[in-house]
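Quick note: numbers below take in every heavy atom, side chains included, and nothing from hydrogens, waters or symmetry partners.
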Amino acid sequence: MAGHSKWANIKRQKARVDAVKGKVFTKISREIIVAARSGVPDPEGNFQLRTAIEKAKAAGIPNDNIDRAIAKGAGKLGADNAALEAIRYEGYGPGGVAVLIEALTDNRNRTAADLRAAFSKNGGNLGETGCVGWMFEQKGVVEVLLTPVETGRKRRSDAVTIQEDELLEAFLEGGADTYELIETEDGTAAEALTDATNLETLSQTLKDKHYSVNRVELRWIPNNTLAVDDPDQARSLLKLMDALEDLDDVQSVTANFEMTDELMSMSVA
């Protein structure tokens, strides 16, 4: 198992939607509602709900909002969210880039129409179920924050090196497949990938060893990626990603392209 940077572009794509705080609140609240409805409305006995709550707290969602979402999922605040269902949509972006979308919706027709319009306006098209899904694999992702405090070393380079060595053993014990070092707004972190069914085990193993677990989630990972180096195609792809992520029913968008930092940061206004 070795660190690598293969998923760096996916990470940056995902961060684009995280910048829109109000929409993040809505999307995570929906996750909590569905998680509470699909299992026991108690985070201690529902890993999906516990993970959604941790994500909500990390995003700064007030406890009252979290409690209200749990109550809605449990049916204690009416049945207005009972019709929410998780659906996966698939399509193609400019240049044949594969796009996978996860949505929570109470109206399939509305969501499909919104997605179709977003694709067509930005050089892509919404496809049939299964058209690109085979190009992706769902993985569990656990992000661990590396800090000098945890190692007791003064120099950050020493802290990260020693922490990585220690983490390697913990990752292996927890069943991680691979990992990479990434830079976050909180500092250097290690992001480990594991089988989706092993996510809870890996997360709990790291917490039991008192590591600072910063993120726990399921994520679609492309088996192969397309390199994008044309500015026009890059601009069209980023506009499409923004348009899809901006839709209320969309929870996440993943595509199988990679581009340079310069192209990724270009303005799409």
Side-chain angles (χ1 to χ4, degrees), residues 1-8 10-11 13-15 17-18 24 27-61 63 66-67 69-70 73 86 102 104 136-147 149-151 159-160 162-221 251-252 254:
M1 186 170 72
H4 55 78
S5 60
K6 184 175 182 181
W7 317 122
I10 300 167
K11 182 78 173 179
Q13 290 172 26
K14 186 176 182 303
V17 71
D18 292 340
V24 170
K27 293 176 189 292
I28 297 178
S29 294
R30 284 188 169 194
E31 286 186 36
I32 293 174
I33 292 169
V34 172
R37 195 184 69 214
S38 61
V40 294
D42 179 2
E44 290 299 319
N46 186 333
F47 175 65
Q48 182 183 355
L49 177 59
R50 187 163 68 250
T51 300
I53 291 173
E54 290 175 356
K55 186 188 298 186
K57 290 181 176 179
I61 298 179
N63 288 333
I66 295 174
D67 292 340
I70 294 173
E102 288 187 310
L104 288 176
F136 297 82
E137 181 180 7
Q138 192 175 49
K139 287 286 190 178
V141 180
V142 180
E143 182 182 287
V144 176
L145 188 63
L146 308 181
T147 66
V149 174
E150 290 180 332
T151 63
V160 172
I162 291 176
Q163 186 74 350
E164 187 178 2
D165 290 342
E166 295 170 352
L167 271 175
L168 177 57
E169 294 185 13
F171 284 156
L172 289 172
E173 181 179 334
D177 296 328
T178 186
Y179 75 95
E180 67 164 332
L181 295 182
I182 60 175
E183 291 299 325
T184 73
E185 60 183 14
D186 298 317
T188 302
E191 188 177 81
L193 300 180
T194 187
D195 287 341
T197 57
N198 188 60
L199 180 58
E200 183 174 9
T201 297
L202 177 58
S203 173
Q204 194 58 52
T205 297
L206 294 168
K207 288 179 180 178
D208 289 344
K209 292 181 179 296
H210 307 293
Y211 286 110
S212 178
V213 175
N214 207 36
R215 183 191 297 268
V216 179
E217 65 183 10
L218 291 172
R219 188 185 304 168
W220 289 98
I221 305 293
Q251 293 295 110
S252 68
T254 306

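Rounded to the nearest 0.5 Å, atoms CG (Leu49) and CZ (Arg37) are 12.5 Å apart. Note that OG1 of Thr178 is 10.5 Å distant from CD1 of Ile221, once rounded to the nearest 0.5 Å. Summarising the geometry, atom CD belonging to Glu180 is positioned 9.5 Å from atom CD belonging to Glu143; distances are rounded to the nearest 0.5 Å. Distance check, rounded to the nearest 0.5 Å: CG of Asp42 to CZ of Arg50 gives 9.5 Å. Atoms CD1 and CG, on Ile53 and Asn63 in that order, are 9.5 Å from each other to the nearest 0.5 Å. One finds the CD atom of Glu31 at 8.5 Å from the CD atom of Glu217 (value rounded to the nearest 0.5 Å).
Side-chain atoms of Ser38 come within 3.5 Å of backbone atoms of Val34 as a donor-acceptor pair (strictly under, hydrogens ignored). Looking only at distances, a side-chain donor or acceptor of Gln251 sits under 3.5 Å from a matching main-chain atom of Lys27. With Asn198 contributing its side chain and Gly140 its backbone, the two residues share no donor-acceptor pair below 3.5 Å.
Nearest heavy-atom pair across Ser29 and Ala69 is O-CB, 3.8 Å. Among all heavy-atom pairs drawn from Ala56 and Ile32, the shortest one is CB-CD1, 3.9 Å. Across all non-hydrogen atoms, the minimal contact from Leu146 to Ala190 is CG-N, 4.2 Å. For the residue pair Thr51 and Val216, the shortest heavy atom distance occurs at CG2-O, 2.9 Å. Trp220 approaches Glu102 most closely through the heavy-atom pair NE1-OE2, 2.9 Å. Scanning all heavy atoms of the two residues, the minimum distance from Phe171 to Leu202 falls at O-CD1, 4.1 Å.
Between Glu191 and the options Val144, Val141, Leu181, a side chain to side chain contact (heavy atoms under 4.5 Å, CB included) holds for only Val141.
Using a 4.0 Å cut-off between a side-chain N of Lys or Arg and a carboxylate O of Asp or Glu, Glu166 and Lys209 do not qualify as a salt bridge.
Between Leu167 and Tyr179, the closest side-chain pair of non-hydrogen atoms is not below 4.5 Å.
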### Query
Hey, mind stepping through Val213 and Glu54 against side chain to side chain contact (heavy atoms under 4.5 Å, CB included) and telling me if it holds?
CA-CA 10 Å; Val213 175; Glu54 290 175 356; 5.8 Å; no
